[in-house]
Amino acid sequence: MHYLLDSHCHLDFPVFDQDRQEVIKRAKSVGVEYFVVPGVSADTWQRLEKFHQDFEANSCVGFGLHPYFTHQHRQKHLGNLEKKLKQTCAKFVGEIGLDFFDKTWPKQEQLNFFSEQVAIAKSLRLPVILHIRKAFDEVLAVLSEHAFTEGGIVHAFNGSQQQAKKLIARGFVLGFGGMLTHPQSRKLREKAKFLSLSDIVLETDSPDMATYHNRGKRNEPYFIQEVAATLSQLKDVELDEIAHITTSTSIKVLRLKTGEI
């Protein structure tokens, strides 16, 4: 069995402080060997570095200013972000993006922080991990404005087939997680069936977005096996092939070296 890779999880979050070692041990017991952990705000970056020091053999990290926390971000954090990316072993910029789901959130501030972070990623030639809700056209416009070609991962993809094609053309792959396992997610499942398997990566978004059979629980990488099994059924592809291709795709888009995993 090829091993699985969780392309988006927040194992540095305090909710895992009491049993982080056990969470990773459980994940490894079902073949989840590697964890991609993005940063969300400046005051969490130090915590994220500590996590990576403790689990360097099984993880890679990046730093970013998540749109959900725009009210916490300050202009100086952009300069701090660039320094952090240059001084550490960060593999990507993220989690960054736009979230227009709640119309009370500051749209223009989100756009400003996102655009500046795309510029930083371009200058450092790093891929990005994108968070997009109700803002696919705006995200594509910013990427086009910066002629961004470093690619990356679109976390928890839920856009249209046309938007998927545009993002893939820009070097992005699309993340699918717990929502794929819910039977009522018919449109999302159709999107997964439509896409080439080589354009898909697996994720959990732990501790959020648990799978169908674990709804109501704290999400963790162990549950990614349910996501992989669902994708296997939808694509009519053996589970081992799902693991092999999605893991290989994550390694490629994040430019991980074989010795790092």
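Since the model is a prediction, treat every value here as computed from it, not as a measurement. Nothing fancy with the numbering, it's 1 onward along the sequence. The analysis underlying the following values was restricted to heavy atoms, covering all of them including side chains, and did not include hydrogens, waters or symmetry mates.
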[atom1] of [X] to [atom2] of [Y]: how many Å apart, nearest 0.5 Å?
X: Glu203; Y: Ser7; atom1: CD; atom2: OG; value: 5.0 Å
X: Gln87; Y: Asn80; atom1: CD; atom2: CG; value: 9.5 Å
X: Leu65; Y: Ser41; atom1: CG; atom2: OG; value: 7.5 Å
X: Leu197; Y: Thr249; atom1: CG; atom2: OG1; value: 7.0 Å

Are [X] and [Y] side-chain neighbours, meaning at least one heavy-atom pair lies under 4.5 Å?
X: Leu11; Y: Pro221; value: yes
X: Lys235; Y: Glu241; value: no
X: Met209; Y: Thr204; value: no
X: Ile242; Y: Leu202; value: yes
X: Val23; Y: Asp19; value: yes
X: Val37; Y: Cys9; value: yes
X: His155; Y: Pro38; value: no
X: Lys91; Y: Arg255; value: no

Could you report the tightest heavy-atom contact between [X] and [Y], atom names first, then the distance?
X: Ile153; Y: Gly175; value: CG2-N, 4.4 Å
X: Val30; Y: Leu4; value: O-CD1, 4.1 Å
X: His52; Y: Cys60; value: CE1-CA, 4.1 Å

Can you list everything that forms a ring pair (Phe, Tyr, Trp, His ring centres under 6.0 Å) with Phe51? Sequence neighbours excluded, please.
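Only Phe55 meet the ring pair (Phe, Tyr, Trp, His ring centres under 6.0 Å) criterion with Phe51.
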
Non-neighbouring partners of Phe194 that pass ring pair (Phe, Tyr, Trp, His ring centres under 6.0 Å), sequence neighbours left out:
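Expected list: none.
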
Side-chain donor/acceptor of [X] to backbone N/O of [Y], under 3.5 Å:
X: Tyr34; Y: Ser59; answer: yes
X: Thr181; Y: Val227; answer: no
X: Arg189; Y: Leu180; answer: yes
X: Lys122; Y: Glu150; answer: no
X: Thr70; Y: Gln110; answer: no
X: Ser29; Y: Arg26; answer: yes
X: Arg218; Y: Asp208; answer: no
X: Trp45; Y: Gly64; answer: yes

Write out all pairs satisfying ring pair (Phe, Tyr, Trp, His ring centres under 6.0 Å) with one or both partners inside residues 67-87, taking only residues at least two apart or from two chains.
His66-Phe69, Tyr68-Trp105, His73-Phe113

What pairs of residues pass the ring pair (Phe, Tyr, Trp, His ring centres under 6.0 Å) test when at least one of them lies in residues 156-192, not counting sequence neighbours?
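For residues 156-192, and leaving out neighbouring residues, the ring pair (Phe, Tyr, Trp, His ring centres under 6.0 Å) pairs sorted by first residue read Phe136-Phe157, His182-Tyr212.
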
Listed once per pair and sorted, the salt bridge (Lys or Arg N to Asp or Glu O under 4.0 Å) pairs that draw on [range], sequence neighbours left out:
range: residues 38-55; result: Asp12-Arg47, Glu49-Lys84, Lys50-Asp54
range: residues 167-188; result: none
range: residues 58-78; result: none

Quick one: list whatever passes side chain to side chain contact (heavy atoms under 4.5 Å, CB included) with [X], sequence neighbours left out.
X: Lys134; answer: Phe100, Phe101
X: Val118; answer: Ile96, Phe114, Val142, Leu143, His146, Phe148
X: Gln162; answer: Ser160, Lys166
X: Lys193; answer: Glu190, Leu234

Any chance CD of Glu22 has more than 12 other-residue heavy atoms, nucleotides or ligands included, within less than 6.0 Å?
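Enclosed: over 12 neighbouring heavy atoms sit under 6.0 Å from CD of Glu22.
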
State whether the number of non-hydrogen atoms from other residues, nucleotides or ligands found under 6.0 Å of Gln46 atom CD is greater than 12.
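Atom CD in Gln46 is not crowded, with 12 or fewer foreign heavy atoms closer than 6.0 Å.
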
Chi angles and distances behind the side-chain contact (heavy atoms from CB on, under 4.5 Å) call for Ile168, Lys165
CA-CA 5 Å; Ile168 291 166; Lys165 289 179 179 178; 5.8 Å; no

Which residues pass the salt bridge (charged side-chain N to carboxylate O under 4.0 Å, His left out) test with Asp99, sequence neighbours left out?
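For Asp99 the salt bridge (charged side-chain N to carboxylate O under 4.0 Å, His left out) partners, ignoring immediate neighbours, are Arg133.
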
Is there a donor in the side chain of Glu116 and an acceptor in the side chain of Asn112, or the other way round, less than 3.5 Å apart?
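Not at all, the side chains of Glu116 and Asn112 share no donor-acceptor pair under 3.5 Å.
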
Steps toward side-chain contact (heavy atoms from CB on, under 4.5 Å) verdict (Val128, Gln117)
CA-CA 9 Å; Val128 298; Gln117 290 179 94; over 6 Å; no

Evaluate the side-chain contact (heavy atoms from CB on, under 4.5 Å) criterion for residues Asp137 and Gln163: first the C-alpha distance (whole Å), next the side-chain angles of each, then the deciding distance (0.1 Å), finally the verdict.
CA-CA 8 Å; Asp137 291 340; Gln163 289 163 341; 3.6 Å; yes

One pair to check against side-chain contact (heavy atoms from CB on, under 4.5 Å): Glu226 and Asn214. What are the steps and the verdict?
CA-CA 9 Å; Glu226 189 178 341; Asn214 295 285; 3.4 Å; yes

